[in-house]
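This report refers to the structure that appears directly beneath it.
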Amino acid sequence: MTLWQYLKSRMQPFADRVAFARSQITYADILHLECLPRGKQKLRLCEGNTREEQALAILRCIAEGDAAVPITKEYGDTTCAAIQKFVQENRADTTDLAFVMFTSGTTGKPKGVMLTHENICTNLEYIRSYFRLEECKKICIARPLVHVAVLVGELLCALCCGVTVHFYEEAFMPKRLIAYCAANDIHVLCGTPTLYRALARARTADEFPVKIAALSGEILREQAAREIAAAFPHTRFYNVYGLTEHSPRVSALLPHEFRVRPHSVGKTIGNVQVRLQDGELLVKSPCVMKGYLGDEERTRAKVQDGWLHTGDRAHFDPDGYLYIDGRTDDMIIRGGINVYPEEIEAAACRHAGVRDCVVNGRESENGTIIRLQYEGTIGPNELRKFLLQQLNPNIVPATIERVQTLARTPSGKKVRI
């Protein structure tokens, strides 16, 4: 079954309902996007000036039999150009692909995660088995659709349940988002712990219509969870875990457990198998990606004997609940975005005024902070302006510090402290 066939069967009972609030596009309108296949399947870049336009572009793409490659200007001009070139030059077999989702690369080369129709359909079934939206009428999507957790876990899941989608198109400002949810009687709003903590601190009124929320994209600390739960006592919170290479969802902590063990990501969903190997979480299921586009070597390193090596350190409690402890590599997770220090370092070193640099992540009360230390002649403000032209603004370091000498090991290796 293709993803379009799966979606069509789920959406048909809701043909008379409004699918997208702003344009008043109905489910019947979406079902009419289907047309005859145009021949050999190809990869198709899907973008838009708004999230709603991009959502329609993605749906039209899969309805017409192509594999969707969501892309956004938020990647930055350099990364967008690299993705476009990569897609144009690709000669891989794409006949079974639904999506290719690009994530940052450690060397500046885009990393395209190939997800098949089976991957996505299976994960949607797993999500729908616990994420019950029947009583909900409206969902607000406030994050970019280039994140598979948003594309699959929010947009496609909502469409399978006949929910009306509101796309929050403004820059994130906590009070504005709270007011938007109240004005539009939003029932479902998913986000990162950082987003919900900001909402908790900005909230001044008792009215918050959101009934269901799923937290994902970064580790939920216990203090943050308790702060969020106290601020929104009438919202049922799920704490979920997944990754792009798993389409995405792996496990979920259900609402009735949220206040008991909020920093756990619950138990596996569907037929997902997990095990620990030297402290690293390995995952196996029909949702494991096909591989990385045009990179067989990296695919072989990531998926071995059907087991996906997540790169996440984890443990289980005596009751079998899963906890994510951090990364086995240097990757930083900030606001749901995977940040590779090497990518930022490579961008900074392209400036003639930077001799060398190092990037690391620091935990704070407000979430993860990215810090850049460098040796060179350029000033921190000038370097920030340069990085804003090179990188996604969301991963430009919050702290940029010029130092005389970077910390190094006796062997000369830079230390990420």
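Keep in mind that this is a model prediction, so the values were computed, not measured.
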Report yes or no: is the cationic atom of Lys302 (NZ for Lys, CZ for Arg) under 6.0 Å from the centre of the six-membered ring of Tyr292, at an angle within 45° of the ring normal?
->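 That pair does not qualify as a cation-pi contact.
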Mark yes or no for whether His263, through its side chain, and Ala225, through its backbone, hold a donor-acceptor pair below 3.5 Å.
->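 No; judged by distance alone, with no hydrogens or angles, the pair does not exist.
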Donor-acceptor contact present, side-chain Thr26 to main-chain Asp16, <3.5 Å =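 Side chain of Thr26 to backbone of Asp16, a donor-acceptor pair under 3.5 Å: no, none is there.
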NZ/NE/NH1/NH2 to OD/OE distance under 4.0 Å, [X] and [Y]:
X: Glu280; Y: Arg313; result: no
X: Lys138; Y: Asp185; result: no
X: Arg236; Y: Glu135; result: yes
X: Glu257; Y: Arg261; result: no
X: Glu47; Y: Lys73; result: no
X: Glu125; Y: Arg128; result: yes
X: Arg44; Y: Glu64; result: yes

Is the Tyr168 to Tyr180 ring centre distance short of 6.0 Å?
-> yes
Are the aromatic rings of Phe20 and Phe167 close, with centres under 6.0 Å apart?
->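 Aromatic pair counts; centres sit under 6.0 Å.
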Short side-chain donor-acceptor distance under 3.5 Å, Asp356 and Tyr374 | no
Polar side chain donor-acceptor pair, Asp325 to His315, under 3.5 angstrom =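 Yes.
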Quick one: sort the Phe232 and Phe237 rings into parallel, tilted or perpendicular, breaks at 30° and 60°.
-> tilted
In terms of the angle between their ring planes, are Tyr238 and Tyr130 parallel, tilted or perpendicular, with boundaries placed at 30° and 60°?
-> tilted
Going through the distances and angles, do Glu52 and Ser23 end up as a side-chain hydrogen bond (donor to acceptor under 3.5 Å, both in side chains)?
-> CA-CA 9 Å; Glu52 182 171 305; Ser23 62; 2.5 Å; yes
Neighbour count above 12 (heavy atom, 6.0 Å) for Glu296 CD = no
